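Remarks on the structure that follows.
This one's a predicted model, so the numbers in the text were calculated from it and none came from an experiment. Every heavy atom of this structure was used, including side-chain atoms; hydrogens, water molecules and symmetry mates were not.
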Amino acid sequence: MGSGDAVVLVPGQAVTSGSWDGVVADLADRFRVITFDQRGIGVSTEGSDPPETTRGFARDVARVLESAGATRGHVVGHSMGGRVAQWLAIDRPDVVGALVLIATTGGDAAGFARSAEASADLASADAARLSVRFFSDEYLRTHPTAVDVFVRKEGSVRTRRRAYVASSTHDAWANLGSIRSPTLVVHGDADTITPVENGRALAEAIPRAEYLEVHGGRHAPHLDHPNVVEAVVTFLTRHPLSNA
């Protein structure tokens, strides 16, 4: 959708490209926006040799760009999509323009853990319990079903399990210093799914990364805080692909 520099949006764990619907139109005013469903999710089939790690999922994103006729593109990842995007920037700097990492972490083992209560809510996939962890109360008053796209059980049990294992075993902390793409890290200070300390640590670990902390932002700050999309557009515009 749209035209200009390519921007590929990488969705979260076992979540369809519909999770980006709230921002696609705004981004497409300035860029050529590419969305996709990860393997076995939504309208995508698993194909052969599906990835078992976030690094493997990153290779799929490179193929998505290639299939869309984009030799390079900006990469925006949310949650697990941000974990995947890290590996793409590490392993394939030739295809990544600017990088935007939203509500994500360099890895759970060496990162900052969520509470037991938040983990239980996440495992429950219960919309009522998770909605307040993704969105502000004010946003939910006008978008009461916004969390549905994040909790639908897309794909087979095996597919969802593969995505969970890939995300939970992700560990790129030791490699983040090799990222050379201009990077913007976005994190809500009220995120209880991926605590804000993870975003701060990411911004510290990636050379010259810029950091936007969203006051009151929960796990999807790009959807219920308009200033986030504005910041992303401004950041990507400052780093056109033609300059890299």
Side-chain angles (χ1 to χ4, degrees), residues 1-12 16-39 44 51 54-104 106 172 175-187 199 202-212 214 221-223 225-244:
M1 184 176 179
S3 60
D5 282 353
V7 179
V8 62
L9 307 180
V10 189
T16 71
S17 59
S19 62
W20 295 106
D21 285 354
V23 301
V24 167
D26 288 334
L27 291 174
D29 282 343
R30 297 291 297 272
F31 308 103
R32 181 188 176 211
V33 181
I34 301 165
T35 62
F36 69 101
D37 295 337
Q38 291 177 347
R39 294 209 206 192
S44 289
T54 47
R55 207 166 197 167
F57 278 95
R59 289 192 288 270
D60 277 355
V61 181
R63 295 186 185 104
V64 167
L65 280 167
E66 180 182 0
S67 297
T71 55
R72 299 181 67 249
H74 301 308
V75 181
V76 181
H78 172 240
S79 197
M80 175 183 167
R83 303 180 190 216
V84 171
Q86 292 163 36
W87 282 122
L88 188 61
I90 292 164
D91 291 338
R92 294 294 308 275
D94 56 309
V95 304
V96 178
L99 179 67
V100 180
L101 304 174
I102 303 172
T104 192
N175 303 84
L176 295 174
S178 69
I179 293 177
R180 294 295 176 261
S181 298
T183 302
L184 172 65
V185 176
V186 179
H187 219 106
L202 267 181
E204 286 291 327
I206 299 172
R208 298 173 297 281
E210 298 180 27
Y211 180 60
L212 172 62
V214 184
H222 55 299
L223 296 179
H225 290 266
N227 64 306
V228 172
V229 177
E230 294 169 5
V232 170
V233 169
T234 298
F235 178 75
L236 297 182
T237 301
R238 283 173 36 218
H239 298 285
L241 296 178
S242 58
N243 284 4

Practice task
Find the distance between NE2 (H239) and OG1 (T183) and round it off to the nearest 0.5 Å.
Solution key: 9.0 Å
Exercise for the section: Identify, with sequence neighbours excluded, every residue that meets side chain to side chain contact (heavy atoms under 4.5 Å, CB included) alongside D91. Expected result: R55, W87
Practice task
Could you please spell out the steps behind the side-chain contact (heavy atoms from CB on, under 4.5 Å) verdict for H187 and Y211?
Solution key: CA-CA 8 Å; H187 219 106; Y211 180 60; 3.8 Å; yes
Handout entry: With D60 via side chain to side chain contact (heavy atoms under 4.5 Å, CB included) - residues at least two apart
Key = R39, P51, R63
Exercise for the section: Please tell me if the side chains of I34 and V64 come closer than 4.5 Å, counting only heavy atoms from C-beta onward. Expected result: yes
Fill in the blank from the handout: The side chain to side chain contact (heavy atoms under 4.5 Å, CB included) partners of A231 (sequence neighbours excluded) come to L212
Name the atoms and distances for all side-chain donor-acceptor pairs under 3.5 Å in residues 18-27, with sequence neighbours left out.
from: S19; atom 1: OG; to: T16; atom 2: O; distance (Å): 3.0

Handout entry: Min side-chain heavy-atom separation T237-V233 under 4.5 Å
Key = yes
Practice task
List for me each residue that meets side chain to side chain contact (heavy atoms under 4.5 Å, CB included) alongside R180, sequence neighbours excluded, and say none if there are none.
Solution key: P207, R208
Practice task
List the atom of S44, the atom of D37, and the distance in Å for their closest heavy-atom pair.
Solution key: OG-O, 2.6 Å
Handout entry: Minimum heavy-atom distance between L88 and A62, given as atom pair plus value
Key = CD1-CB, 3.9 Å
Problem - Minimum-distance pair of heavy atoms, taken over all atoms of A209 and A203 - result: CB-O, 3.6 Å
Handout entry: For G106 against L176, the heavy-atom pair lying closest together
Key = CA-CD1, 4.5 Å
Problem - Residue pair H74 / D5, side-chain heavy-atom distance below 4.5 Å - result: yes
Exercise for the section: Enter the distance from R238:CZ to E210:CD here, rounded to the nearest 0.5 Å. Expected result: 4.0 Å
Problem - Partner set under side-chain hydrogen bond (donor to acceptor under 3.5 Å, both in side chains) for T234, not counting sequence neighbours - result: none
Handout entry: Closest non-hydrogen atom pair between A172 and Q86, with its separation
Key = CB-OE1, 3.6 Å
Practice task
Taking all heavy atoms of A85 and all of L101, pick out the closest pair and write down the distance.
Solution key: CB-CD2, 3.9 Å
Practice task
May I ask you to decide if V96's main-chain N or O and R72's side chain share a donor-acceptor pair within less than 3.5 Å?
Solution key: yes
Handout entry: Heavy-atom side-chain contact between V10 and F36 under 4.5 Å
Key = yes
Problem - Close side-chain approach of P221 to I102, heavy-atom, < 4.5 Å - result: yes
Practice task
Check the angle between the aromatic planes of H222 and H78 and answer parallel, tilted or perpendicular using the 30° and 60° thresholds.
Solution key: tilted
